[in-house]
Number of protein chains: 2
Amino acid sequence: MSNAPQIAEVAALVGDPARANMLIALLGGRALTATELSNAAGVSPQTTSGHLGKLSAARLVVLMKQGRHRYYRLAGPQVAQMLESIMSVALDGPQRYQPKTRVDEQMRHARTCYDHFAGQLGVGVADAMIARDFVVLGVEAGEVTTAGMEFLARLGVDLSGAQAKRRVFCRPCLDWTERRPHIGGTVGAAFAQRCFDLKWIERIRDSRAITITPSGRRGLMEALSLSI
Amino acid sequence: MSNAPQIAEVAALVGDPARANMLIALLGGRALTATELSNAAGVSPQTTSGHLGKLSAARLVVLMKQGRHRYYRLAGPQVAQMLESIMSVALDGPQRYQPKTRVDEQMRHARTCYDHFAGQLGVGVADAMIARDFVVLGVEAGEVTTAGMEFLARLGVDLSGAQAKRRVFCRPCLDWTERRPHIGGTVGAAFAQRCFDLKWIERIRDSRAITITPSGRRGLMEALSLSI
DNA sequence: CCGACGCTTCGACCGCGGCCGAAGTAAATC
DNA sequence: GATTTACTTCGGCCGCGGTCGAAGCGTCGG
(Lines give C-alpha, C1' and ligand atoms only; values in the text may rest on other atoms or scores of the structure.)
Protein backbone atom coordinates (compact mmCIF):
# COMPACT_ATOMS: atom_id res chain seq x y z
CA MET A 1 0.00 0.00 0.00
CA SER A 2 0.41 3.64 0.38
CA ASN A 3 2.74 6.41 1.04
CA ALA A 4 5.69 4.64 2.56
CA PRO A 5 8.03 5.87 -0.16
CA GLN A 6 7.29 9.45 0.72
CA ILE A 7 7.90 8.86 4.39
CA ALA A 8 11.09 7.04 3.65
CA GLU A 9 12.21 9.89 1.43
CA VAL A 10 11.78 12.47 4.17
CA ALA A 11 13.24 10.24 6.83
CA ALA A 12 16.22 9.43 4.67
CA LEU A 13 16.89 13.13 4.29
CA VAL A 14 17.05 13.49 8.06
CA GLY A 15 18.93 10.23 8.27
CA ASP A 16 22.22 11.59 7.06
CA PRO A 17 24.44 12.88 9.87
CA ALA A 18 25.51 15.98 7.99
CA ARG A 19 21.93 16.94 7.16
CA ALA A 20 20.76 16.07 10.65
CA ASN A 21 23.35 18.46 12.02
CA MET A 22 22.13 21.21 9.76
CA LEU A 23 18.51 20.68 10.65
CA ILE A 24 19.30 20.66 14.34
CA ALA A 25 21.27 23.84 13.95
CA LEU A 26 18.18 25.34 12.30
CA LEU A 27 16.07 24.19 15.24
CA GLY A 28 17.48 27.28 16.91
CA GLY A 29 14.78 29.05 14.96
CA ARG A 30 17.01 31.48 13.13
CA ALA A 31 17.87 31.48 9.46
CA LEU A 32 21.48 30.50 8.82
CA THR A 33 23.74 30.95 5.81
CA ALA A 34 25.07 28.05 3.81
CA THR A 35 28.53 28.61 5.28
CA GLU A 36 27.27 28.58 8.86
CA LEU A 37 25.46 25.35 8.15
CA SER A 38 28.59 24.00 6.56
CA ASN A 39 30.43 24.59 9.82
CA ALA A 40 27.61 23.15 11.87
CA ALA A 41 27.61 20.00 9.81
CA GLY A 42 31.37 19.70 9.59
CA VAL A 43 31.49 19.14 5.86
CA SER A 44 32.80 21.13 2.93
CA PRO A 45 30.78 23.93 1.32
CA GLN A 46 30.24 21.92 -1.84
CA THR A 47 28.82 19.03 0.08
CA THR A 48 26.68 21.40 2.11
CA SER A 49 25.33 22.92 -1.03
CA GLY A 50 24.27 19.53 -2.28
CA HIS A 51 22.51 18.74 0.96
CA LEU A 52 20.74 22.06 1.08
CA GLY A 53 19.57 21.54 -2.45
CA LYS A 54 17.92 18.31 -1.46
CA LEU A 55 16.43 19.71 1.72
CA SER A 56 14.99 22.61 -0.25
CA ALA A 57 13.59 20.40 -2.95
CA ALA A 58 11.80 18.39 -0.28
CA ARG A 59 10.62 21.59 1.40
CA LEU A 60 12.15 20.79 4.74
CA VAL A 61 13.95 24.11 4.58
CA VAL A 62 13.25 27.29 2.67
CA LEU A 63 15.64 29.73 1.10
CA MET A 64 15.85 33.50 1.47
CA LYS A 65 18.36 35.22 -0.77
CA GLN A 66 19.88 38.34 0.64
CA GLY A 67 22.74 39.91 -1.25
CA ARG A 68 25.39 37.32 -1.70
CA HIS A 69 24.22 35.36 1.27
CA ARG A 70 21.68 32.63 1.20
CA TYR A 71 19.75 32.17 4.36
CA TYR A 72 18.08 28.87 5.04
CA ARG A 73 15.50 28.22 7.72
CA LEU A 74 13.19 25.37 8.63
CA ALA A 75 10.13 25.29 6.44
CA GLY A 76 7.82 25.55 9.45
CA PRO A 77 6.76 24.35 12.86
CA GLN A 78 5.70 21.01 11.43
CA VAL A 79 9.26 20.27 10.48
CA ALA A 80 10.47 21.35 13.91
CA GLN A 81 7.93 19.12 15.58
CA MET A 82 8.98 16.21 13.42
CA LEU A 83 12.58 16.70 14.46
CA GLU A 84 11.56 16.89 18.09
CA SER A 85 9.55 13.70 17.87
CA ILE A 86 12.47 11.91 16.27
CA MET A 87 14.73 13.26 19.00
CA SER A 88 12.35 12.00 21.57
CA VAL A 89 12.45 8.49 20.18
CA ALA A 90 16.19 8.63 19.67
CA LEU A 91 16.78 9.47 23.31
CA ASP A 92 14.45 6.78 24.53
CA GLY A 93 16.35 3.90 23.09
CA PRO A 94 18.87 1.85 24.97
CA GLN A 95 21.98 3.78 25.70
CA ARG A 96 22.84 4.75 22.22
CA TYR A 97 26.39 5.92 22.28
CA GLN A 98 26.43 9.37 23.63
CA PRO A 99 30.06 9.35 24.55
CA LYS A 100 31.35 12.77 25.40
CA THR A 101 28.09 14.36 24.36
CA ARG A 102 28.91 16.70 27.19
CA VAL A 103 26.88 19.42 25.65
CA ASP A 104 28.04 22.86 26.53
CA GLU A 105 27.03 23.94 29.97
CA GLN A 106 25.58 26.96 28.23
CA MET A 107 23.31 24.75 26.18
CA ARG A 108 22.18 22.74 29.15
CA HIS A 109 21.48 25.92 30.98
CA ALA A 110 19.24 27.73 28.57
CA ARG A 111 18.56 27.51 24.86
CA THR A 112 15.81 27.89 22.31
CA CYS A 113 13.94 24.96 20.85
CA TYR A 114 12.79 26.33 17.48
CA ASP A 115 10.63 29.05 18.99
CA HIS A 116 10.45 28.44 22.72
CA PHE A 117 12.71 27.87 25.71
CA ALA A 118 14.43 24.65 26.71
CA GLY A 119 17.17 23.53 29.06
CA GLN A 120 17.17 24.29 32.74
CA LEU A 121 15.46 27.57 31.98
CA GLY A 122 12.67 25.95 29.99
CA VAL A 123 12.09 23.20 32.51
CA GLY A 124 12.32 25.67 35.40
CA VAL A 125 9.70 27.93 33.89
CA ALA A 126 7.47 24.95 33.23
CA ASP A 127 7.85 23.67 36.79
CA ALA A 128 7.12 27.07 38.27
CA MET A 129 4.05 27.56 36.14
CA ILE A 130 2.77 24.11 36.96
CA ALA A 131 3.38 24.65 40.67
CA ARG A 132 1.28 27.81 40.51
CA ASP A 133 -1.48 26.08 38.55
CA PHE A 134 -0.93 28.40 35.63
CA VAL A 135 -0.72 25.48 33.29
CA VAL A 136 -1.61 21.82 33.39
CA LEU A 137 0.59 19.55 31.33
CA GLY A 138 -0.63 16.16 30.22
CA VAL A 139 1.28 13.58 28.29
CA GLU A 140 0.26 14.79 24.90
CA ALA A 141 -1.20 18.20 25.44
CA GLY A 142 -1.33 21.07 27.84
CA GLU A 143 -3.78 23.66 28.96
CA VAL A 144 -3.51 27.17 30.37
CA THR A 145 -5.72 27.85 33.36
CA THR A 146 -7.64 31.06 33.86
CA ALA A 147 -5.09 32.15 36.44
CA GLY A 148 -2.41 31.32 33.91
CA MET A 149 -4.04 33.47 31.28
CA GLU A 150 -4.14 36.37 33.73
CA PHE A 151 -0.52 35.82 34.64
CA LEU A 152 0.55 35.84 31.01
CA ALA A 153 -1.55 38.90 30.26
CA ARG A 154 0.00 40.72 33.23
CA LEU A 155 3.41 39.87 31.84
CA GLY A 156 2.45 41.32 28.49
CA VAL A 157 2.60 38.07 26.57
CA ASP A 158 0.75 38.50 23.32
CA LEU A 159 -1.68 35.70 22.74
CA SER A 160 -4.17 37.55 20.58
CA GLY A 161 -3.44 35.55 17.45
CA ALA A 162 -3.62 32.30 19.30
CA GLN A 163 -6.76 33.24 21.19
CA ALA A 164 -8.67 33.83 18.03
CA LYS A 165 -7.67 30.44 16.76
CA ARG A 166 -8.99 28.32 19.60
CA ARG A 167 -8.03 28.18 23.16
CA VAL A 168 -5.76 25.22 23.43
CA PHE A 169 -2.26 25.82 22.29
CA CYS A 170 0.18 24.67 24.85
CA ARG A 171 2.24 21.64 24.00
CA PRO A 172 4.59 19.73 26.29
CA CYS A 173 7.92 19.20 24.60
CA LEU A 174 10.38 16.70 25.99
CA ASP A 175 13.64 18.32 26.93
CA TRP A 176 16.54 16.18 25.80
CA THR A 177 19.03 17.47 28.32
CA GLU A 178 16.77 17.57 31.34
CA ARG A 179 14.60 14.68 30.20
CA ARG A 180 11.57 16.45 31.51
CA PRO A 181 8.88 18.40 29.70
CA HIS A 182 8.95 22.10 29.06
CA ILE A 183 6.32 24.33 27.52
CA GLY A 184 6.20 24.55 23.75
CA GLY A 185 3.43 25.37 21.33
CA THR A 186 1.98 28.79 20.82
CA VAL A 187 2.19 29.68 24.48
CA GLY A 188 5.84 28.71 24.73
CA ALA A 189 6.66 30.69 21.62
CA ALA A 190 4.78 33.78 22.77
CA PHE A 191 6.37 33.64 26.22
CA ALA A 192 9.83 33.36 24.70
CA GLN A 193 9.12 36.22 22.33
CA ARG A 194 8.02 38.41 25.21
CA CYS A 195 11.22 37.61 27.11
CA PHE A 196 13.31 38.63 24.11
CA ASP A 197 11.27 41.83 23.77
CA LEU A 198 11.81 42.62 27.44
CA LYS A 199 15.54 41.95 26.97
CA TRP A 200 15.34 39.34 29.70
CA ILE A 201 17.03 36.91 27.37
CA GLU A 202 19.67 37.31 24.71
CA ARG A 203 20.88 34.98 22.03
CA ILE A 204 24.46 33.79 22.06
CA ARG A 205 26.16 34.20 18.74
CA ASP A 206 26.24 31.09 16.58
CA SER A 207 24.40 28.90 19.01
CA ARG A 208 20.99 27.87 20.17
CA ALA A 209 22.18 28.72 23.65
CA ILE A 210 20.90 31.91 25.25
CA THR A 211 21.82 34.00 28.27
CA ILE A 212 19.63 35.46 30.95
CA THR A 213 20.30 39.15 31.48
CA PRO A 214 20.39 40.69 34.96
CA SER A 215 16.98 42.23 34.37
CA GLY A 216 15.76 38.85 33.19
CA ARG A 217 17.02 37.32 36.37
CA ARG A 218 15.11 39.90 38.39
CA GLY A 219 12.01 39.58 36.25
CA LEU A 220 11.86 35.79 36.44
CA MET A 221 12.41 35.96 40.19
CA GLU A 222 9.57 38.41 40.65
CA ALA A 223 7.20 36.70 38.26
CA LEU A 224 7.85 33.06 39.12
CA SER A 225 10.31 33.09 42.06
CA LEU A 226 12.67 31.45 39.64
CA SER A 227 16.39 31.69 40.34
CA ILE A 228 18.60 30.17 37.71
CA MET B 1 27.47 19.79 19.07
CA SER B 2 25.03 17.32 20.34
CA ASN B 3 22.87 14.44 19.54
CA ALA B 4 22.59 14.73 15.81
CA PRO B 5 24.12 11.29 15.28
CA GLN B 6 21.39 9.67 17.32
CA ILE B 7 18.67 11.49 15.43
CA ALA B 8 20.26 10.59 12.16
CA GLU B 9 20.47 6.97 13.23
CA VAL B 10 16.76 6.76 13.99
CA ALA B 11 15.78 8.72 10.91
CA ALA B 12 17.99 6.57 8.72
CA LEU B 13 16.21 3.50 10.03
CA VAL B 14 12.89 4.94 8.92
CA GLY B 15 14.53 6.21 5.75
CA ASP B 16 14.70 2.86 4.05
CA PRO B 17 11.61 2.07 1.96
CA ALA B 18 11.42 -1.52 3.12
CA ARG B 19 11.62 -0.57 6.77
CA ALA B 20 9.23 2.33 6.28
CA ASN B 21 6.71 -0.11 4.85
CA MET B 22 7.06 -2.37 7.85
CA LEU B 23 6.67 0.46 10.32
CA ILE B 24 3.63 1.76 8.54
CA ALA B 25 2.13 -1.69 8.54
CA LEU B 26 2.71 -1.77 12.28
CA LEU B 27 0.95 1.58 12.61
CA GLY B 28 -2.18 -0.53 12.41
CA GLY B 29 -1.49 -1.16 16.09
CA ARG B 30 -1.37 -4.93 15.95
CA ALA B 31 1.65 -7.14 16.32
CA LEU B 32 2.66 -8.78 13.05
CA THR B 33 4.85 -11.75 12.29
CA ALA B 34 8.11 -11.47 10.42
CA THR B 35 6.53 -13.09 7.37
CA GLU B 36 3.62 -10.70 7.33
CA LEU B 37 6.02 -7.82 7.52
CA SER B 38 8.05 -9.38 4.77
CA ASN B 39 4.99 -9.29 2.54
CA ALA B 40 4.14 -5.78 3.58
CA ALA B 41 7.63 -4.59 2.71
CA GLY B 42 7.91 -6.58 -0.48
CA VAL B 43 11.34 -8.02 0.28
CA SER B 44 12.64 -11.49 1.02
CA PRO B 45 12.43 -13.04 4.50
CA GLN B 46 16.20 -12.83 4.98
CA THR B 47 16.22 -9.16 4.21
CA THR B 48 13.24 -8.63 6.45
CA SER B 49 15.00 -10.39 9.26
CA GLY B 50 17.97 -8.08 8.93
CA HIS B 51 15.74 -5.03 9.03
CA LEU B 52 13.80 -6.24 12.01
CA GLY B 53 17.03 -6.90 13.83
CA LYS B 54 18.04 -3.28 13.35
CA LEU B 55 14.65 -1.92 14.28
CA SER B 56 14.67 -4.02 17.45
CA ALA B 57 18.19 -2.99 18.39
CA ALA B 58 17.12 0.62 18.11
CA ARG B 59 13.95 -0.12 20.08
CA LEU B 60 11.62 1.14 17.42
CA VAL B 61 9.86 -2.20 17.55
CA VAL B 62 9.67 -4.88 20.20
CA LEU B 63 9.57 -8.62 19.85
CA MET B 64 7.16 -11.14 21.35
CA LYS B 65 8.01 -14.77 20.76
CA GLN B 66 5.06 -17.08 20.54
CA GLY B 67 5.66 -20.65 19.52
CA ARG B 68 7.48 -20.60 16.24
CA HIS B 69 6.13 -17.21 15.35
CA ARG B 70 7.76 -13.95 16.21
CA TYR B 71 5.44 -11.06 16.61
CA TYR B 72 6.73 -7.55 16.22
CA ARG B 73 4.94 -4.40 17.24
CA LEU B 74 5.81 -0.73 17.55
CA ALA B 75 7.73 0.01 20.72
CA GLY B 76 5.13 2.55 21.84
CA PRO B 77 3.00 5.59 21.11
CA GLN B 78 6.06 7.78 20.84
CA VAL B 79 7.21 5.83 17.83
CA ALA B 80 3.75 6.04 16.32
CA GLN B 81 3.67 9.77 16.85
CA MET B 82 7.07 10.13 15.26
CA LEU B 83 5.86 8.28 12.19
CA GLU B 84 2.77 10.43 12.03
CA SER B 85 4.78 13.62 12.24
CA ILE B 86 7.06 12.45 9.46
CA MET B 87 4.00 11.54 7.40
CA SER B 88 2.62 14.96 8.01
CA VAL B 89 5.75 16.63 6.69
CA ALA B 90 6.02 14.19 3.81
CA LEU B 91 2.52 15.01 2.60
CA ASP B 92 3.06 18.72 2.88
CA GLY B 93 5.86 18.93 0.40
CA PRO B 94 5.45 19.77 -3.23
CA GLN B 95 3.66 17.08 -5.12
CA ARG B 96 5.97 14.26 -4.29
CA TYR B 97 5.18 11.48 -6.70
CA GLN B 98 2.11 9.77 -5.46
CA PRO B 99 1.29 8.13 -8.72
CA LYS B 100 -1.39 5.52 -8.40
CA THR B 101 -1.40 5.79 -4.63
CA ARG B 102 -5.06 5.02 -5.03
CA VAL B 103 -5.27 3.65 -1.56
CA ASP B 104 -7.96 1.08 -1.13
CA GLU B 105 -11.39 2.53 -0.81
CA GLN B 106 -11.59 0.48 2.35
CA MET B 107 -8.61 2.28 3.79
CA ARG B 108 -9.93 5.69 2.89
CA HIS B 109 -13.20 4.79 4.42
CA ALA B 110 -12.13 3.67 7.86
CA ARG B 111 -8.92 2.44 9.42
CA THR B 112 -6.95 2.53 12.62
CA CYS B 113 -4.07 4.89 13.18
CA TYR B 114 -2.02 3.02 15.77
CA ASP B 115 -4.70 3.06 18.44
CA HIS B 116 -7.46 5.34 17.22
CA PHE B 117 -9.70 5.86 14.18
CA ALA B 118 -8.77 7.55 10.95
CA GLY B 119 -10.16 7.90 7.45
CA GLN B 120 -13.67 9.11 6.73
CA LEU B 121 -14.81 7.48 9.95
CA GLY B 122 -12.19 9.21 12.06
CA VAL B 123 -12.75 12.59 10.50
CA GLY B 124 -16.52 12.13 10.64
CA VAL B 125 -16.44 11.35 14.33
CA ALA B 126 -14.19 14.32 14.96
CA ASP B 127 -16.46 16.65 12.99
CA ALA B 128 -19.55 15.44 14.79
CA MET B 129 -17.98 15.82 18.19
CA ILE B 130 -16.71 19.28 17.36
CA ALA B 131 -20.12 20.31 16.03
CA ARG B 132 -21.69 19.25 19.32
CA ASP B 133 -19.04 21.07 21.34
CA PHE B 134 -17.89 17.79 22.86
CA VAL B 135 -14.31 18.57 21.98
CA VAL B 136 -12.36 21.62 20.94
CA LEU B 137 -9.46 20.96 18.64
CA GLY B 138 -6.63 23.45 18.36
CA VAL B 139 -3.62 23.24 16.11
CA GLU B 140 -1.46 21.39 18.53
CA ALA B 141 -3.76 20.12 21.20
CA GLY B 142 -7.36 19.37 21.97
CA GLU B 143 -9.67 19.50 24.90
CA VAL B 144 -12.77 17.62 25.93
CA THR B 145 -15.60 19.78 27.22
CA THR B 146 -17.74 18.91 30.21
CA ALA B 147 -20.54 17.95 27.85
CA GLY B 148 -18.06 15.82 25.98
CA MET B 149 -17.01 14.02 29.13
CA GLU B 150 -20.65 13.26 29.87
CA PHE B 151 -21.19 12.03 26.35
CA LEU B 152 -18.21 9.69 26.53
CA ALA B 153 -19.22 8.44 29.96
CA ARG B 154 -22.73 7.72 28.66
CA LEU B 155 -21.18 5.74 25.84
CA GLY B 156 -19.16 3.73 28.33
CA VAL B 157 -15.78 4.96 27.20
CA ASP B 158 -13.28 4.18 29.92
CA LEU B 159 -11.16 7.19 30.72
CA SER B 160 -10.35 6.33 34.30
CA GLY B 161 -6.65 5.77 33.68
CA ALA B 162 -6.36 8.97 31.74
CA GLN B 163 -8.39 10.97 34.21
CA ALA B 164 -6.06 10.14 37.02
CA LYS B 165 -3.19 11.32 34.96
CA ARG B 166 -4.38 14.82 34.25
CA ARG B 167 -7.26 16.08 32.29
CA VAL B 168 -5.86 16.96 28.92
CA PHE B 169 -5.33 14.06 26.64
CA CYS B 170 -6.87 14.69 23.31
CA ARG B 171 -4.56 15.17 20.42
CA PRO B 172 -5.47 16.24 16.89
CA CYS B 173 -3.83 13.94 14.38
CA LEU B 174 -3.66 14.91 10.73
CA ASP B 175 -5.41 12.43 8.52
CA TRP B 176 -3.38 11.76 5.41
CA THR B 177 -6.23 10.66 3.22
CA GLU B 178 -8.73 13.27 4.27
CA ARG B 179 -6.11 15.92 5.03
CA ARG B 180 -8.14 17.01 8.01
CA PRO B 181 -7.67 16.34 11.70
CA HIS B 182 -9.16 13.46 13.60
CA ILE B 183 -9.08 12.70 17.28
CA GLY B 184 -6.04 10.85 18.59
CA GLY B 185 -4.43 10.72 21.98
CA THR B 186 -5.86 8.95 24.98
CA VAL B 187 -9.41 9.94 24.14
CA GLY B 188 -9.16 8.69 20.58
CA ALA B 189 -7.70 5.40 21.75
CA ALA B 190 -10.32 4.87 24.46
CA PHE B 191 -13.14 5.72 22.06
CA ALA B 192 -11.82 3.27 19.51
CA GLN B 193 -11.41 0.58 22.15
CA ARG B 194 -14.99 1.05 23.25
CA CYS B 195 -16.21 0.71 19.68
CA PHE B 196 -14.32 -2.56 19.30
CA ASP B 197 -15.76 -3.78 22.61
CA LEU B 198 -19.25 -2.90 21.48
CA LYS B 199 -18.60 -4.74 18.21
CA TRP B 200 -19.42 -1.59 16.33
CA ILE B 201 -16.16 -1.94 14.44
CA GLU B 202 -14.24 -4.95 13.22
CA ARG B 203 -10.74 -5.29 11.88
CA ILE B 204 -10.21 -6.46 8.33
CA ARG B 205 -7.70 -9.23 8.06
CA ASP B 206 -4.18 -8.17 7.14
CA SER B 207 -4.97 -4.50 6.91
CA ARG B 208 -5.29 -1.37 8.91
CA ALA B 209 -8.69 -0.97 7.33
CA ILE B 210 -11.74 -1.69 9.45
CA THR B 211 -15.43 -2.22 8.79
CA ILE B 212 -18.41 -0.74 10.53
CA THR B 213 -20.90 -3.38 11.59
CA PRO B 214 -24.65 -2.85 11.23
CA SER B 215 -24.96 -2.28 14.95
CA GLY B 216 -22.06 0.16 14.72
CA ARG B 217 -23.89 2.00 12.00
CA ARG B 218 -26.95 2.27 14.21
CA GLY B 219 -24.91 3.21 17.26
CA LEU B 220 -22.98 5.96 15.54
CA MET B 221 -26.19 7.30 14.06
CA GLU B 222 -27.86 7.46 17.44
CA ALA B 223 -24.86 8.81 19.30
CA LEU B 224 -23.60 11.34 16.79
CA SER B 225 -26.12 11.32 13.91
CA LEU B 226 -23.26 10.01 11.87
CA SER B 227 -24.06 8.10 8.69
CA ILE B 228 -21.08 6.66 6.86
C1' DC C 1 12.07 -39.34 14.40
C1' DC C 2 11.17 -36.97 10.14
C1' DG C 3 9.55 -33.43 7.37
C1' DA C 4 7.53 -28.87 7.03
C1' DC C 5 7.54 -24.31 8.46
C1' DG C 6 9.20 -19.83 10.43
C1' DC C 7 12.88 -17.30 10.96
C1' DT C 8 17.82 -16.08 11.28
C1' DT C 9 22.85 -16.08 9.95
C1' DC C 10 26.42 -15.97 6.50
C1' DG C 11 28.50 -14.51 2.36
C1' DA C 12 28.91 -12.22 -1.90
C1' DC C 13 27.25 -8.84 -5.11
C1' DC C 14 26.46 -4.23 -6.51
C1' DG C 15 24.52 0.20 -6.80
C1' DC C 16 23.30 4.43 -4.54
C1' DG C 17 24.83 8.34 -2.42
C1' DG C 18 28.09 11.11 0.42
C1' DC C 19 32.44 13.22 -0.12
C1' DC C 20 35.90 16.50 -1.85
C1' DG C 21 38.95 18.94 -5.61
C1' DA C 22 38.49 21.84 -9.32
C1' DA C 23 36.12 24.96 -11.93
C1' DG C 24 32.12 28.18 -12.67
C1' DT C 25 28.68 32.06 -11.41
C1' DA C 26 27.11 35.90 -8.98
C1' DA C 27 27.34 39.64 -5.78
C1' DA C 28 30.00 42.93 -3.08
C1' DT C 29 34.44 45.73 -2.57
C1' DC C 30 38.17 48.25 -4.30
C1' DG D 1 37.54 46.23 -14.59
C1' DA D 2 40.06 43.40 -11.00
C1' DT D 3 39.79 40.95 -6.62
C1' DT D 4 37.55 38.81 -2.87
C1' DT D 5 33.72 36.42 -0.88
C1' DA D 6 29.61 33.34 -1.08
C1' DC D 7 27.86 29.66 -3.09
C1' DT D 8 26.92 26.15 -6.79
C1' DT D 9 27.95 22.62 -10.43
C1' DC D 10 30.67 18.93 -12.24
C1' DG D 11 33.23 14.75 -12.03
C1' DG D 12 35.27 10.94 -10.03
C1' DC D 13 36.37 8.20 -5.95
C1' DC D 14 34.93 5.01 -2.50
C1' DG D 15 32.52 2.76 1.07
C1' DC D 16 28.28 1.71 3.41
C1' DG D 17 24.34 -0.87 3.33
C1' DG D 18 20.35 -3.25 1.00
C1' DT D 19 19.65 -7.39 -1.54
C1' DC D 20 19.11 -12.35 -2.22
C1' DG D 21 20.86 -17.48 -2.41
C1' DA D 22 22.29 -20.98 0.50
C1' DA D 23 22.59 -22.94 4.76
C1' DG D 24 21.57 -23.32 9.86
C1' DC D 25 18.44 -23.50 13.91
C1' DG D 26 14.42 -24.04 16.64
C1' DT D 27 9.42 -25.37 16.77
C1' DC D 28 5.37 -27.82 15.55
C1' DG D 29 2.77 -31.79 13.56
C1' DG D 30 2.48 -36.42 12.50
Side-chain angles (χ1 to χ4, degrees), chain A residues 4-26 30-58 60-73 96-97 205-206, chain B residues 4-26 30-58 60-73 96-97 205-206:
Chain A
Q6 303 158 58
I7 305 230
E9 189 187 330
V10 171
L13 284 170
V14 185
D16 175 81
R19 284 191 295 254
N21 269 312
M22 298 178 197
L23 290 170
I24 290 182
L26 289 173
R30 281 172 304 170
L32 300 176
T33 66
T35 308
E36 286 172 320
L37 290 170
S38 172
N39 294 332
V43 293
S44 71
Q46 314 85 291
T47 302
T48 304
S49 180
H51 286 313
L52 289 173
K54 290 178 189 182
L55 291 175
S56 293
L60 295 190
V61 304
V62 291
L63 171 61
M64 255 180 49
K65 295 188 188 182
Q66 206 168 101
R68 60 179 165 183
H69 291 283
R70 301 205 161 191
Y71 284 91
Y72 289 90
R73 58 180 176 77
R96 247 164 266 284
Y97 320 89
R205 207 177 121 77
D206 294 335
Chain B
Q6 302 159 59
I7 305 230
E9 190 188 330
V10 171
L13 283 170
V14 185
D16 176 82
R19 283 192 295 255
N21 268 313
M22 298 179 197
L23 291 170
I24 290 182
L26 289 173
R30 281 172 304 169
L32 300 176
T33 67
T35 308
E36 287 172 320
L37 290 169
S38 173
N39 294 332
V43 292
S44 71
Q46 313 86 290
T47 303
T48 303
S49 180
H51 286 314
L52 289 173
K54 291 178 189 182
L55 291 175
S56 293
L60 294 190
V61 303
V62 291
L63 172 59
M64 255 179 49
K65 295 187 187 182
Q66 205 168 102
R68 60 180 164 183
H69 292 284
R70 302 206 159 190
Y71 285 92
Y72 290 90
R73 58 179 176 76
R96 247 164 267 285
Y97 321 88
R205 209 178 120 76
D206 295 335

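We name chains A, B, ... by the order of the sequence lines, and we start the count at 1 in each one. Keep in mind that what you see is a predicted model, and the values were worked out from it rather than measured.
Of the possible donor and acceptor atoms, none in the side chain of A:R19 sits under 3.5 Å from a partner among the backbone N and O of B:A8.
The minimum heavy-atom distance linking B:V14 with B:A20 is given by the pair O-CB, 3.5 Å.
Residues passing the side chain to side chain contact (heavy atoms under 4.5 Å, CB included) test with A:A25 are A:L32, A:L37, A:A40, sequence neighbours excluded. Qualifying side chain to side chain contact (heavy atoms under 4.5 Å, CB included) partners for B:T47, counting only residues two or more places apart in sequence or in other chains: B:V43, B:S44, B:H51. For B:S38, the side chain to side chain contact (heavy atoms under 4.5 Å, CB included) partners are B:P45, B:T48, not counting sequence neighbours.
Here the CD-CD1 distance, from A:E9 to A:I7, works out to 11.0 Å after rounding to the nearest 0.5 Å.
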Show me, pair by pair, the donor-acceptor contacts under 3.5 angstrom made by side chains of residues 62-71 of chain B, not counting sequence neighbours?
none

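Remark: C1' of D:dG18 and CG of B:L13 are 13 Å apart, rounded to the nearest angstrom.
Here B:Y72 does not reach the OP1 or OP2 of C:dG6: none of its side-chain N or O atoms lies under 4.0 Å away.
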Trace of the side chain to side chain contact (heavy atoms under 4.5 Å, CB included) decision for B:L23 with B:L13: CA-CA 10 Å; B:L23 291 170; B:L13 283 170; over 6 Å; no
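Among the protein residues, A:T33 comes within range of the sugar-phosphate backbone only, with heavy atoms under 4.0 Å from sugar or phosphate atoms but none that close to a base.
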What's touching nucleotides 10-19 of chain C from the protein side, N or O pairs under 3.5 Å?
residue: C:dG18; atom: OP1; partner: A:R19; partner atom: NH1; Å: 3.1
residue: C:dG18; atom: OP1; partner: A:R19; partner atom: NH2; Å: 2.9
residue: C:dG18; atom: OP2; partner: A:K54; partner atom: NZ; Å: 2.5
residue: C:dC19; atom: OP2; partner: A:H51; partner atom: NE2; Å: 2.6

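Contact check of residues 64-71 of chain A against DNA chain C (heavy atom, cut-off under 4.0 Å) returns A:G67, A:R68.
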